[in-house]
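Each remark here refers to the structure printed beneath this line.
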Amino acid sequence: AIKAQFTDNAFLRALFPDRIPADPEHTCEKWSETEVILPRETKRPESTLFAIGVGGAITGQHPDVALVDDMFSDEAMENARIGSFIIFDKINRWVSRLRPIVNSREPWQGILFAGTPWFEGDSYTHLESAFGYHEPRREYRMSHEWEQGTVEVTCYVTGDIAVFERPILEHGTSYSPERWPDDKLAKM
């Protein structure tokens with residue numbers, strides 16, 4: 001999906017013509033399923049972007065930004081359901097090792113976690129203890145006008161982590177009716 005943005009997103013290509021060549025698949029230094037090197041001035045050893053699964057080795061890599069999306073699988077959930085948290089323990093250890101890997105010399109560096117928490121105590125709960133340092137929460141209210149009405153959410157910051165949580169139901173209806181229609185949610 002990311003590679004498709006480089007090849008098909010005309011707006012992105014217009015914004016960065018010096019960074020996204022006309023035919024990136026054939027002119028980039030590297031263009032594979034897991035790595036891309038776009039034209040750049042730096043001689044850093046890291047690819048412009050690379051993808052690995054949770055738990056994968058990042059030896060010798062120091063990205064500016066790490067995006068961790070949906071960090072646990074159905075297998076992890078099923079194991080937890082029967083009382084085995086071995087997979088979650090491995091995920092938590094891997095997450096805790098990310099901080100020293102991310103390039104801290106850049107002002108925009110960081111780790112972004114995106115995903116769906118499934119139960120109290122899963123790896124998303126671990127994030128708050130690993131990066132929040134048990135500091136008190138500082139809450140912020142955010143609101144946005146959508147066609148369906150105003151959405152108001154509370155976000156908070158604790159330690160080095162900012163948390164944005166969005167419930168599936170807002171004003172009694174799904175915030176994403178195309179993906180999660182109300183009747184489907186009621187059945188779940």
Side-chain angles (χ1 to χ4, degrees), residues 1-6 12 16 19 24 28-140 142 153-168:
I2 294 169
K3 286 168 58 179
Q5 293 298 317
F6 295 135
L12 181 67
F16 302 102
R19 297 289 184 233
C28 284
E29 182 179 336
K30 186 174 280 191
W31 188 265
S32 73
E33 285 299 311
T34 58
E35 290 183 81
V36 171
I37 297 179
L38 295 173
R40 56 190 177 177
E41 296 169 7
T42 180
K43 296 297 181 198
R44 289 178 60 178
E46 295 86 8
S47 295
T48 306
L49 63 98
F50 62 95
I52 62 167
V54 169
I58 312 174
T59 307
Q61 303 283 337
H62 294 282
D64 296 332
V65 176
L67 170 59
V68 182
D69 186 17
D70 290 330
M71 63 183 160
F72 46 84
S73 63
D74 288 340
E75 178 187 3
M77 288 299 304
E78 287 302 313
N79 278 284
R81 188 178 62 76
I82 61 172
S84 174
F85 293 89
I86 293 169
I87 296 174
F88 280 100
D89 292 341
K90 287 180 180 180
I91 293 169
N92 294 347
R93 284 193 306 277
W94 183 81
V95 162
S96 295
R97 291 190 311 259
L98 283 177
R99 173 170 287 144
I101 291 169
V102 172
N103 182 3
S104 61
R105 294 173 298 171
E106 301 295 341
W108 58 82
Q109 62 83 24
I111 306 169
L112 174 65
F113 295 92
T116 304
W118 288 96
F119 60 89
E120 186 66 33
D122 67 16
S123 292
Y124 291 102
T125 305
H126 170 75
L127 294 176
E128 195 164 328
S129 64
F131 297 98
Y133 316 117
H134 305 288
E135 292 180 7
R137 290 181 177 187
R138 297 179 312 278
E139 291 193 354
Y140 302 90
M142 295 174 54
V153 294
T154 300
C155 304
Y156 61 90
V157 175
T158 178
D160 289 337
I161 191 167
V163 178
F164 167 78
E165 297 173 323
R166 185 174 187 189
I168 190 72

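Only heavy atoms go into these numbers, but all of them, side chains included; no hydrogens, no water, no symmetry mates.
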State, with a plain yes or no, whether a side-chain heavy atom of V163 is found less than 4.5 Å away from one of E165.
-> yes

Between V95 and L127, is any pair of side-chain heavy atoms under 4.5 Å apart?
-> yes

May I ask you to check whether F6 and F16 place their ring centres under 6.0 Å from each other?
-> no

Within a strict 4.5 Å, meaning less than it, do heavy atoms of the T154 and Y140 side chains meet?
-> no

Test log, rule ring-ring contact (aromatic ring centres under 6.0 Å, His included), inputs F164 and Y156 | CA-CA 7 Å; F164 167 78; Y156 61 90; over 10 Å; no

Take H126 and S129 through the side-chain contact (heavy atoms from CB on, under 4.5 Å) test and state the conclusion after the steps.
-> CA-CA 5 Å; H126 170 75; S129 64; 4.0 Å; yes

Under the side-chain contact (heavy atoms from CB on, under 4.5 Å) rule, what do I58 and L98 come out as? Steps first, then yes or no, please.
-> CA-CA 9 Å; I58 312 174; L98 283 177; 3.8 Å; yes

Side chain S73, main chain A76, donor-acceptor under 3.5 Å = yes

Crowded around M77 CE? As in, over 12 foreign heavy atoms under 6.0 Å?
-> yes

Is the shortest side-chain N to carboxylate O distance from R44 to D64 below 4.0 Å?
-> yes

T158 and H134: side-chain donor and acceptor closer than 3.5 Å?
-> no

Quick check: are there more than 12 heavy atoms from other residues, nucleotides or ligands sitting under 6.0 Å from CD1 of I86?
-> no

Interatomic distance, CD@E139 vs SG@C155, rounded to 0.5 Å, equals 9.5 Å

Gap separating the CZ atom of F88 from the OG1 atom of T125, nearest 0.5 angstrom | 9.5 Å

For atom NZ of K90, decide whether the heavy atoms of other residues, nucleotides or ligands shown that lie under 6.0 angstrom number more than 12.
-> no

Would you mind reporting whether I87 and F72 have side-chain heavy atoms less than 4.5 Å apart?
-> no

Identify, with sequence neighbours excluded, every residue that meets side chain to side chain donor-acceptor pair (under 3.5 Å) alongside E135.
-> none

What closest approach, in Å, do K3 and S32 show between heavy atoms, and which atom pair accounts for it?
-> NZ-O, 3.1 Å

Crowding at CG, D74 (>12 non-hydrogen neighbours, <6.0 Å) = no

Closest non-hydrogen atom pair between V36 and S47, with its separation | O-CB, 3.5 Å

Provide the closest heavy-atom pair for F85 versus G83 in the form atom of the first, atom of the second, distance.
-> CD1-O, 3.6 Å

Check whether any side-chain heavy atom of L49 sits under 4.5 Å from a side-chain heavy atom of L38, and report yes or no.
-> no

Check the pair R19, T48 against side-chain contact (heavy atoms from CB on, under 4.5 Å), reporting the backbone distance first and the verdict last.
-> CA-CA 11 Å; R19 297 289 184 233; T48 306; over 6 Å; no

Taking the side chain as every heavy atom from C-beta outward, state whether V102 and H62 have any atom pair closer than 4.5 Å.
-> no

Checking salt bridge (charged side-chain N to carboxylate O under 4.0 Å, His left out) for the pair R40/E46: CA distance, chi angles, key distance, verdict?
-> CA-CA 12 Å; R40 56 190 177 177; E46 295 86 8; over 6 Å; no

Is there side-chain contact between I37 and W31, with heavy atoms separated by less than 4.5 Å?
-> no

Between F131 and F113, how do the two ring planes meet: parallel, tilted or perpendicular, split at 30° and 60°?
-> tilted

Quick one: pull up OG in S123 and CH2 in W118 and give me the separation to the nearest 0.5 Å.
-> 14.0 Å

Say whether E128 and Y133, considering side chains only, have a donor N or O and an acceptor N or O under 3.5 Å apart.
-> no

Taking it one step at a time, do D122 and E120 satisfy side-chain contact (heavy atoms from CB on, under 4.5 Å)?
-> CA-CA 6 Å; D122 67 16; E120 186 66 33; over 6 Å; no

First locate atom OH of Y124, then atom CG of D70, and finally report the distance between them rounded to the nearest 0.5 Å.
-> 5.0 Å

Using salt bridge (charged side-chain N to carboxylate O under 4.0 Å, His left out) as the criterion, list what pairs up with E29, not counting sequence neighbours.
-> none

Sub-3.5 Å donor-acceptor pair from the side chain of S96 to the main-chain atoms of N92, do we have one?
-> yes

